Number of protein chains: 2
Amino acid sequence: MTKNGKPTKRQIILEEAAKLFKDKGYGGTSMRDIAGQVGMEAASMYNHIKSKDEILDNICFRISDVYISHLQEIEQQPLSFGEKIRALIRMHIQLMVEDGPAVSVANHDWKYLPAARLNDFTEARRRYEKGFAALIAAGIAAGEFQPVNSTVALFTILSSVRWIELWFKPGRSLSAEELEEHIITMLLNGLEKK
Amino acid sequence: MTKNGKPTKRQIILEEAAKLFKDKGYGGTSMRDIAGQVGMEAASMYNHIKSKDEILDNICFRISDVYISHLQEIEQQPLSFGEKIRALIRMHIQLMVEDGPAVSVANHDWKYLPAARLNDFTEARRRYEKGFAALIAAGIAAGEFQPVNSTVALFTILSSVRWIELWFKPGRSLSAEELEEHIITMLLNGLEKK
DNA sequence: GTCTATAGGCGGATAGAC
DNA sequence: GTCTATCCGCCTATAGAC
């Protein structure tokens, strides 16, 4: 947002592009498609963005930066490991609900980043996953968690929150807060009675 | 396979196409790319397949047919609900390990099916999800499972097995059987100690 | 800063020789 | 059944008028 609260043309382009990339994929979306949503000709967009690649780059790294900074905050808070995992799950769900199209693009279309930036992105993701897995392993070592395989636990959690985009429609039967609680119950307590 | 055990050219094309669609997406893969992997010119492939659309159609519906027929088998077996859910999770993981590229394509690129077939596919998936969710709801009613939201439980399970494609390399630290057991433990027992 | 026009390349698919 | 040659459309991006 600018000072007067009005989004810039650039921000509008990035937002509409994220929606289209989510629905039709990066390769399936043309600059003409984006221009149509924004309300200008494709050529005019080049006054606000450098290239189609740059749009994708901006979306992907904006999201990965949010993930990483939130992880660093949570790591430093004085919480039990169970509470830290819960906080991370809530962060994923909130980001998905608030910024869904961009999160979807960062999850699916990152592979179309130009080679040079692709390395940066996968490296950032690897660091995030490593930090998350370390929290799980520490929770196991502390006796809070069952002795599961921490890699399997990590990806089970990450996968579960990833697919919210595919079926969650906010304001239907479930609110975002109820969704958080249900997913956390399922992942931390399990399906079966003991 | 044909009678003499040799795959037909058509089967080779479908298989190579699935690998490329998985790696580069449907829109990111050209007929020339597929032809390059198969070892012929793009034009020659049209003696074996009708169009690029038809390749995608074949991959997607082959996979959805397998899911649906396995669900029907499991529904009829005399097992506890816990065992039925375990059997479904194992089926998903085995299919992912044995036929990974095709499963990935059916999971991600189904949306590029031509409109007429897209309805058939989403309808098939909806039926599968409904049958799976009914087993979870029945397990809750029978007192086997905790009173979770069955839709959330369904998608948590489906999501967890979906992302195996992204990180599981068979024959590294984990075998497919170990992976099955770890995922089932995580989903049915939960992460946290009680 | 927006437009029209267009360059230059790659896409799926077909025609027709062999 | 495989090839070469090619059609024609859509793609990203740029040039230049206004």
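Each chain gets a letter, A, B and so on, in the order the sequences are listed, and its residues count up from 1. Computed from a prediction, not measured in an experiment: that's the story for all the values here.
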Please say whether the positively charged group of B:Lys52, taken as NZ for Lys or CZ for Arg, lies over the ring of B:Tyr112, i.e. under 6.0 angstrom from the six-membered ring centre and within 45 degrees of the axis. no
In whole angstroms, how far is the C1' atom of D:dT12 from the CG atom of A:Leu56? 15 Å
How long is the gap from CG on A:Asp57 to OG on A:Ser51, to the nearest 0.5 Å? 8.5 Å
With A:Glu180 via side chain to side chain contact (heavy atoms under 4.5 Å, CB included) - residues at least two apart: A:Arg90, A:Ile93, A:Gln94
Compare all side-chain heavy atoms of B:Glu165 with those of B:His108 and state whether any distance is below 4.5 angstrom. yes
Write down the distance between CD1 (A:Ile13) and C1' (C:dG1), rounded to a whole number of angstrom. 11 Å
On the nucleotide D:dC3, are OP1 or OP2 found under 4.0 Å from the side-chain N or O atoms that B:Ser44 carries? yes
Contact summary for B:Val105 and B:Lys22, nearest pair of heavy atoms: CG2-N, 3.9 Å
For A:Arg126, is there an ion pair with A:Glu129 - N to carboxylate O distance below 4.0 angstrom? no
Contacting residues from residues 19-35 of chain B, given that a heavy atom lies under 4.0 angstrom of DNA chain C: B:Thr29, B:Ser30, B:Met31, B:Arg32
Distance check needed: C:dG12 P versus B:Glu54 CD, whole Å only. 15 Å
Nearest-neighbour nucleotide for the B:His48 side chain, D:dA13, C:dA13, D:dG1 considered: D:dG1
Quick one: B:Asp53 CG to C:dG11 P, roughly how many Å, whole number? 16 Å
Pair B:Arg62 + B:Asp99: basic N to acidic O under 4.0 Å: yes
Heavy-atom side-chain proximity of A:Ile136 to A:Ile157 below 4.5 angstrom: yes
Atom CD of A:Glu41 to atom P of C:dA5: distance rounded to whole Å? 11 Å
Every protein N/O within reach of nucleotides 14-18 of chain D N/O, cut-off under 3.5 Å:
none

Mind calculating the distance between OH (A:Tyr112) and C1' (D:dT12) to the nearest angstrom? 17 Å
Counting C-beta onward and ignoring hydrogens, is there a side-chain heavy-atom pair between A:Ile34 and A:Val38 closer than 4.5 Å? yes
